[in-house]
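Ligands are counted one by one from 1 in listed order, and the atoms in each one are counted from 1 as well. On a predicted model such as this, the values are computed, not experimentally measured, just so you know.
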Amino acid sequence: MAVAEFDLIRRYFAERTPRNEAVRLGIGDDCALLAGGAGDEWAVTVDAMVEGVHFLADGDPADLGHKCLAVNLSDLAAMGARPAAVTLALTMPRSDERWLEAFAGGFFALAERYGVELAGGDTTRGAAVVISVQAMGRLPAGQALRRDGAKPGDGIYLTGRLGDAGLGLKIATGAWPAVSEEAVRRLHRPEPRVAMGLALPGLAHACIDVSDGLAADLGHILSASGVGATLDWERLPLSAAVEGYVAATGDWRFPLGCGDDYELCFTAPGDSADVLARVADAGCSCVCIGRVEAAPGLRLRRQAGVEMLGESGYRHF
Ligand code: ADP
Ligand code: MG
């Protein structure tokens, strides 16, 4: 059933949001107001998800609600910021109550886990569903994990596993016959590495979230930092499903080039056992996959040889 705009905003969003102390004025006025906070900085990011580009028209709205928030919390984690508030701009062809109920369910289940307040937004009619979430997180001034701090000798670390979401997309679209519920779940329900992001200031030199493929995203750290790196194939964290795909197709570049992983990749100085011990309580696995070097370019040590990795990530244009 169709529901009117302001009822929709109240029922599906305003009444459901958790509160966060950083939000002094939330949904209902022309703007939200956020607390100032001396000595703090705000990290701000926005990501849009477009029907037909990021998801299919028949995509599960609960998954979309989760994912549109998760990808933004992942960006905050990559800066080392603590999530506080988000705004939501929602465009859709009609106000479908069942869709909204499921969407809000997925969205707020994740928002509750991190105490993120939905502080405002916009609701409009349009030809296709477009979901834009803007996220704001706080961190102590000067502590942000930027892309330009990697130094030769740093270890390169990666959370979680590589390539599951990319394989999940192939499985979900019928392009690969294997069954892996875990891979498909990783595509639809990425887990933002919030606790890991909060553990990294003071430890990591540089950090990025892997959304467009490891080769491309680590490449951003390397070019911003004016360095290069060599990764070890044997140390890449791959699931049995992804290993099976690589073995069957010979396409070893796949897990390095496919998108939607939403894992954190960071560089840190010092002994890798010490670094890994300091992030052991951050709620997800983390491994050292290579080392930063002075010579530019991204290399991969594999089967006694060294391959050059081009930038093979997803590009919209
Ligand atoms: P304005 O015309 O002043 O921009 P709107 O009529 O667009 O205000 O929205 C009314 C209030 O509801 C505002 O506080 C706005 O931030 C909020 N809002 C609108 N759409 C959403 C949404 N999808 N999620 C959360 N808040 C929303
Ligand atoms: Mg408005």
Side-chain angles (χ1 to χ4, degrees), residues 1-37 40 42-77 81-138 188-192 194 211 262:
M1 215 185 84
V3 46
E5 179 181 340
F6 293 103
D7 288 342
L8 179 167
I9 294 166
R10 185 177 43 76
R11 200 180 327 159
Y12 293 103
F13 300 114
E15 287 177 354
R16 300 182 65 158
T17 181
R19 303 300 312 271
N20 185 288
E21 43 88 26
V23 180
R24 294 289 156 78
L25 182 66
I27 292 175
D29 214 311
D30 294 313
C31 286
L33 297 177
L34 301 187
D40 278 358
W42 284 101
V44 178
T45 180
V46 62
D47 264 303
M49 284 177 37
V50 180
E51 181 182 313
V53 178
H54 301 92
F55 60 92
L56 301 174
D58 61 355
D60 176 351
D63 285 343
L64 294 177
H66 172 95
K67 189 167 179 177
C68 72
L69 180 57
V71 303
N72 280 281
L73 298 187
S74 178
D75 278 322
L76 293 183
R82 183 179 298 279
V86 294
T87 60
L88 167 67
L90 194 56
T91 299
M92 48 199 177
R94 68 196 82 80
S95 79
D96 174 337
E97 289 198 64
R98 278 179 50 195
W99 191 95
L100 282 162
E101 180 59 38
F103 175 85
F107 187 94
F108 288 116
L110 181 59
E112 289 279 358
R113 279 169 49 206
Y114 293 109
V116 180
E117 179 164 346
L118 178 65
D122 196 26
T123 304
T124 53
R125 186 194 300 275
V129 176
V130 180
I131 307 161
S132 294
V133 173
Q134 183 214 31
M136 293 153 279
R138 261 201 297 200
H188 293 312
R189 297 265 173 164
E191 183 58 38
V194 175
S211 55
Y262 297 103

Distance in Å, [X] [atom1] paired with [Y] [atom2], rounded so as to fall on 0.5 Å steps:
| X | Y | atom1 | atom2 | answer |
| --- | --- | --- | --- | --- |
| His54 | Asp47 | NE2 | CG | 7.5 Å |
| Phe13 | Leu88 | CZ | CG | 5.0 Å |
| Leu34 | Asp40 | CG | CG | 11.5 Å |

[X] heavy atoms, cut-off 4.0 Å: which ligand 1 atoms fall inside?
| X | answer |
| --- | --- |
| Ile9 | 12 (O), 18 (N), 19 (C), 20 (N), 27 (C) |
| Leu118 | 24 (N), 25 (C) |
| Phe6 | 6 (O) |
| Asp30 | 3 (O) |

- prompt: Any N or O of Ala119 that comes nearer than 3.5 Å to an N or O of ligand 1?
  reply: no
- request: Answer yes or no: does an N/O atom from Gly121 fall short of 3.5 Å to an N/O atom of ligand 1?
  value: yes
field: Salt-bridge criterion met for Glu21 and Arg138 (N-O under 4.0 Å)
entry: yes
message: I'd like to know if Glu101 and Arg11 make a salt bridge, using a cut-off of under 4.0 Å between side-chain N and carboxylate O.
response: no
task: Say whether Tyr12 and ligand 1 are in contact under the criterion: heavy-atom distance to a ligand atom below 4.0 Å.
output: no
- request: Kindly say whether Gly59 contributes a backbone atom to a donor-acceptor pair with the side chain of His188 at under 3.5 angstrom?
  value: no
- request: Keeping the roles fixed (side chain from Asn20, backbone from Glu117), state whether a donor-acceptor pair exists under 3.5 Å.
  value: no
query: Does ligand 1 have a heavy atom under 4.0 Å from the side chain of Asp29, from its backbone, from both, or from neither?
result: backbone
field: Side chain, backbone, both or neither: the part of Asp122 lying under 4.0 Å from ligand 1 by heavy atom
entry: both
- request: Check each of Thr124, Leu88, Thr91, Ile27 against atom 22 (C) of ligand 1 and report the one with the nearest heavy atom.
  value: Leu88
